[in-house]
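For clarity, every value in this text was computed on a predicted model and none was experimentally measured. Only this structure's heavy atoms are used, side chains among them; waters, hydrogens and symmetry mates stay out. In listed order, ligands and their atoms are each counted from 1.
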Amino acid sequence: MSRNYFMAGNWKMYMTIDEAKELASSLKNILKDVDSSEVETAVCPPFIDIPAVTEILKGSEIKVGAQNMYPKQDGAFTGEISPLMIRNAGCKYVIIGHSERRQYFGETDASVNEKVKCALEYDLCPIMCVGETLEQREKGVTNDVVKEQATGGLKDIPKEKMKNITIAYEPVWAIGTGKVATPAQAQEVHAFIRGLLAELYDENTAAAVRIQYGGSVKPDNVKELMSMEDIDGALVGGASLKADSFEAIVKFGK
Ligand code: 13P
């Protein structure tokens, strides 16, 4: 394994505090032998679980991320959470622009861009999500959609910051549906994104950005996906909610 893969669990709106503590403790135990220079791991719990999860994961290699943030340090923004708070709670990562946020909470490429820039200012590493709907794939505009989302989300981000960014390609039709993209379908879009990064920045920068695949990743399909040249990890929803299935994914299905 020559690459530093990155496997992250997006817990979405699952896990009460007690459940989160139990899952984090199990993961700490079963992933303790994973070499983070080969496979980096992270979990992204709901905000309210983050302090308990970071406390439990202290002394382990598993990183913690948030699932969203509001792009201001503080202020009168009822119901929102700032990057400073996320950082202070012990998070390294923050997922930005997940398709569920675009679909249900009106996020746009412009708001994603604002959040990515703000996250970087607070030393958080954004996991920026892009991906087409089924309708867009069927119309043959997947690359156009992904290009617009990636270019819009990365607007004004300087080259030096790109090493802190992960891009997650998550085709909307594969999320929570059990319908995984074939390794070839995923690789095609990953290679396209890599090429786009080379155009926007340069080859070296493009090679250093980790591009995760997300959408129905499971223990039995992870190995093939990870064997593709431009797939550098996974953003896992459903299968990250059980310790044994996330372990199997981190260990490439073993
Ligand atoms: P599933 O793995 O449940 O399809 O979810 C993928 C996802 O949206 C991760 O962010």
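On a distance-only criterion, Asn10 and ligand 1 share at least one N/O pair closer than 3.5 Å. Geometrically, ligand 1 and His98 share a nitrogen or oxygen pair separated by less than 3.5 Å. Ligand 1 has no nitrogen or oxygen under 3.5 angstrom from a nitrogen or oxygen of Ala239. Polar contact check, Ile175 against ligand 1: no nitrogen or oxygen pair lies under 3.5 Å apart.
In this structure, the protein non-hydrogen atom closest to atom 5 (O) of ligand 1 is Lys12 NZ, 3.3 Å. For atom 9 (C) of ligand 1, the nearest protein heavy atom (residue, atom name, distance) is Glu170 OE2, 2.9 Å. Looking from atom 2 (O) of ligand 1 to the surrounding protein, the closest heavy atom is Gly237 N, 2.9 Å.
The aromatic rings of Tyr169 and His190 sit perpendicular, their planes meeting at an angle over 60°, well past the 30° parallel limit. Note on ring orientation: taking the six-membered ring where Trp is involved, the planes of Tyr70 and Phe77 are tilted (angle from 30° to 60°).
Ligand-side atoms of ligand 1 in range of Gly238: 1 (P), 2 (O), 3 (O), range being under 4.0 angstrom from any heavy atom. Of all the atoms in ligand 1, the ones that sit under 4.0 Å from a non-hydrogen atom of Gly215 are 4 (O), 6 (C). Ligand 1 places these atoms under 4.0 Å from at least one heavy atom of Ala174: 4 (O).
Side chains of Leu31 and Phe246 form a contact here, defined as non-hydrogen atoms less than 4.5 Å apart. Proximity of Met15 to Leu23: side-chain heavy atoms (C-beta onward) are separated by under 4.5 Å at one or more points. Side-chain contact between Lys58 and Glu55 is present, with at least one heavy-atom pair separated by less than 4.5 Å. Annotation: side chain of Asn113 is in contact with side chain of Lys117 (closest heavy-atom distance under 4.5 Å).
Not a single salt bridge (Lys or Arg N to Asp or Glu O under 4.0 Å) links Lys147 to another residue, sequence neighbours left out.
Of the heavy atoms in Ser99, none comes closer than 4.0 Å to ligand 1.
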Pairs of donor and acceptor atoms involving the side chains of residues 81-97, under 3.5 Å and at least two apart or interchain, shall be tabulated with distances.
residue	atom	partner	partner atom	Å
Ser82	OG	Gln73	O	2.9
Ser82	OG	Leu84	N	3.3
Ser82	OG	Met85	N	3.2
Arg87	NH1	Asp123	O	2.8
Tyr93	OH	Glu40	OE1	3.3
Tyr93	OH	Glu40	OE2	2.7
Tyr93	OH	Arg210	NH2	3.3

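Which of Gly176, Gly9, Cys44 comes nearest to atom 4 (O) of ligand 1 through a heavy atom is settled by distance: it is Gly176.
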